[in-house]
Undergrad: 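Encoded as structure tokens, here's the structure I'll be asking about.
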Amino acid sequence: MSAIQATDLVRQFGEVEAVRGVSLEVAEGEIYGFLGPNGAGKSTIVRILTTLLQPTSGSGSVLGHDVVKEPTTVRRLIGVALQEAGLDPKQTGRELLALQGKLYGLKGSVLTGQVTEVTELVGLTDAIDRRIQTYSGGMKRRLDLASALLHRPRVLFLDEPTTGLDPLSRALIWDRIRELRERFGATIFLTTQYLEEADELADRVAIIDHGRIVRQGTPAALKAEVGADVIDVAVEEREVGAARAAITELQASGELPAGELRGTQAGYTLFVPDGPENLAVLIRGLDKAGVRFGAVSVSRPTLDDVFLAATGGRMATADQDGQGEDGQDREPEPAGTGRRSS
Ligand SMILES: Nc1ncnc2c1ncn2[C@@H]1O[C@H](COP(=O)(O)OP(=O)(O)O)[C@@H](O)[C@H]1O
Ligand SMILES: [Mg+2]
């Protein structure tokens with residue numbers, strides 16, 4: 001039996017088709033990364049699978065229990081840390097966890113023991129008796145995580161657990177998530193806008209865009225699908241047309257292989273079998289055509305390139321946070337960001 005299963009899920013909000021036919025299957029003990037930009041439909045899927053929202057059509061189940069027909073059973077089996085968690089700033093962390101625990105029917109020494117255990121697990125032992133208003137963003141997210149773990153759920157849903165956090169807080173949460181799986185074998189459904197996060201944590205990734213899964217597989221397999229090396233060329237906006245013409249011509253004459261060429265706002269990304277070999281040809285060609293260009297880089301494909309190849313757009317990277325949280329739509333990223341150079 002799979003831990004999580006969805007078949008042809010659709011959800012409309014009036015005219016908006018937030019989810020347009022999503023099917024997926026997550027095995028027990030797996031960390032499943034649900035990667036997509038803001039507005040892709042991630043939270044809507046999480047809300048359906050956690051029984052908080054009805055699908056317009058399609059079905060979903062958790063550990064074999066239908067999320068629409070058996071919501072009470074499903075809720076007992078899952079832990080959920082939602083993107084917009086409401087925390088009372090005047091409460092202490094411990095008070096919040098105790099209240100949550102009672103909602104799950106825990107009491108007495110079992111409740112106390114569980115509160116201590118999850119507090120340790122998320123690394124908040126020193127701060128747990130302080131008011132939540134004194135917590136940093138990262139500490140609040142770890143408190144959310146603790147609260148989702150109180151009743152020892154077998155399946156955990158984490159909706160963008162690190163969006164808007166600084167790199168250190170993010171790394172702390174990553175460690176906790178890994179530990180959860182190692183110690184308890186929990187199944188984790190994790191949504192993220194950050195390709196690094198999916199790459200770091202997930203056994204398998206689904207890339208979601210405009211309500212549809214556009215790619216699915218292990219990070220390694222997805223990158224291998226792109227296959228080619230990636231050359232990024234940054235050009236100024238008014239040079240974009242000239243750059244495209246020059247590159248297309250080099251491909252037509254056979255000087256550059258016919259790899260896929262994608263325009264992004266900040267330049268061009270070329271997928272070619274042998275990046276280093278073709279770099280000099282590309283630079284000379286652009287130079288000869290009088291195209292002014294900025295940074296040029298060669299690298300192995302990342303999940304960002306998988307996303308680009310699938311959708312034509314770039315993802316946000318973890319160090320660029322302007323576009324977190326507030327529902328702003330993504331903007332194309334400058335070519336070459338968020339990439340590991342080879
Ligand atoms: N309650 C709602 N009413 C109307 N539109 C909604 C509602 N919830 C989400 N949407 C829309 O559905 C789309 C997907 O949203 P969401 O699932 O929150 O995306 P994500 O979590 O990937 O950022 C967006 O266009 C969003 O504006
Ligand atoms: Mg969301």
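For the single chain, residues carry numbers from 1 onward in sequence order. Order of listing sets the numbers, starting from 1, for every ligand and every atom in it.
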Undergrad: Identify the protein heavy atom lying closest to atom 12 (O) of ligand 1, giving its residue, its atom name and the separation to 0.1 Å.
TA: A18 CB, 3.2 Å
Undergrad: Nearest protein heavy atom to atom 19 (O) of ligand 1, by residue and atom, and its distance?
TA: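 That would be G41 N, 3.1 Å.
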Undergrad: Considering only non-hydrogen protein atoms, determine which one is nearest to atom 1 (N) of ligand 1 and report residue, atom name and distance to 0.1 Å.
TA: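 Minimum-distance protein heavy atom for atom 1 (N) of ligand 1 reads F13 CE2, 3.5 Å.
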Undergrad: Would you kindly say whether S169 and D166 are connected by a side-chain donor-acceptor distance under 3.5 Å?
TA: yes
Undergrad: Establish whether atom 27 (O) of ligand 1 and some protein heavy atom are separated by less than 4.0 angstrom.
TA: no
Undergrad: Considering only non-hydrogen protein atoms, determine which one is nearest to atom 17 (O) of ligand 1 and report residue, atom name and distance to 0.1 Å.
TA: T44 OG1, 2.5 Å
Undergrad: Does the side chain of T92 pick up a donor-acceptor pair with the side chain of D129 at under 3.5 Å?
TA: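 There is no such pair between these side chains.
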Undergrad: Does the side chain of E25 come under 3.5 Å of the side chain of Y32 through a donor N or O and an acceptor N or O?
TA: no
Undergrad: Students should be able to answer this: which protein heavy-atom is nearest to atom 18 (O) of ligand 1, and at what distance?
TA: S43 CB, 3.7 Å
Undergrad: Do we see a donor-acceptor contact under 3.5 Å between the side chains of Q114 and R152?
TA: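 Their side chains do contain a donor-acceptor pair, which is all the 3.5 Å distance test asks for.
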Undergrad: With heavy-atom distances below 4.0 Å as the criterion, list the atoms of ligand 1 near N38.
TA: 23 (O)
Undergrad: In the protein, what heavy atom is nearest to atom 23 (O) of ligand 1, and what distance, to one decimal place, separates them?
TA: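 Here the nearest protein heavy atom works out to G39 N, 2.7 Å.
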Undergrad: Taking atom types as modelled, is there a side-chain donor on S61 or D66 under 3.5 Å from an acceptor on the other?
TA: no
Undergrad: Examine the side chains of E197 and T162 and answer whether a donor and an acceptor come within less than 3.5 Å of each other.
TA: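 Judged by distance alone, the side chains do pair up.
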Undergrad: What's the shortest distance from atom 25 (O) of ligand 1 to any protein heavy atom, and which residue and atom give it?
TA: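 The protein heavy atom lying closest is V16 CG1, 4.0 Å.
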Undergrad: So is G14 close enough to ligand 1, meaning a heavy atom under 4.0 angstrom away?
TA: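 Contact check G14 vs ligand 1: negative.
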Undergrad: Within ligand 1, which atoms have a heavy atom of A40 less than 4.0 Å away?
TA: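 Listed by number with element: 19 (O), 20 (P), 22 (O).
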Undergrad: Identify, by atom number and element, the atoms of ligand 1 in contact range of P37, meaning under 4.0 Å from any of its heavy atoms.
TA: 22 (O)
Undergrad: Any N/O/S atom, side chain or main chain, of S43 closer to the Mg ion (ligand 2) than 2.8 Å?
TA: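 It does: S43 brings an N, O or S atom closer than 2.8 Å to the Mg ion (ligand 2).
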Undergrad: Does NZ or CZ of R11 lie under 6.0 Å from the centre of the six-membered ring of F13, at an angle within 45° of the ring axis?
TA: yes
Undergrad: Do V281 and I283 pass the side-chain contact (heavy atoms from CB on, under 4.5 Å) test, and can you show the C-alpha distance, the side-chain angles, and the key distance before you say yes or no?
TA: CA-CA 6 Å; V281 178; I283 290 177; over 6 Å; no
Undergrad: For G217 versus L222, what's the shortest heavy-atom pair and its separation?
TA: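 Answer, listing the atom of G217 first, then L222: O-CD1, 3.8 Å.
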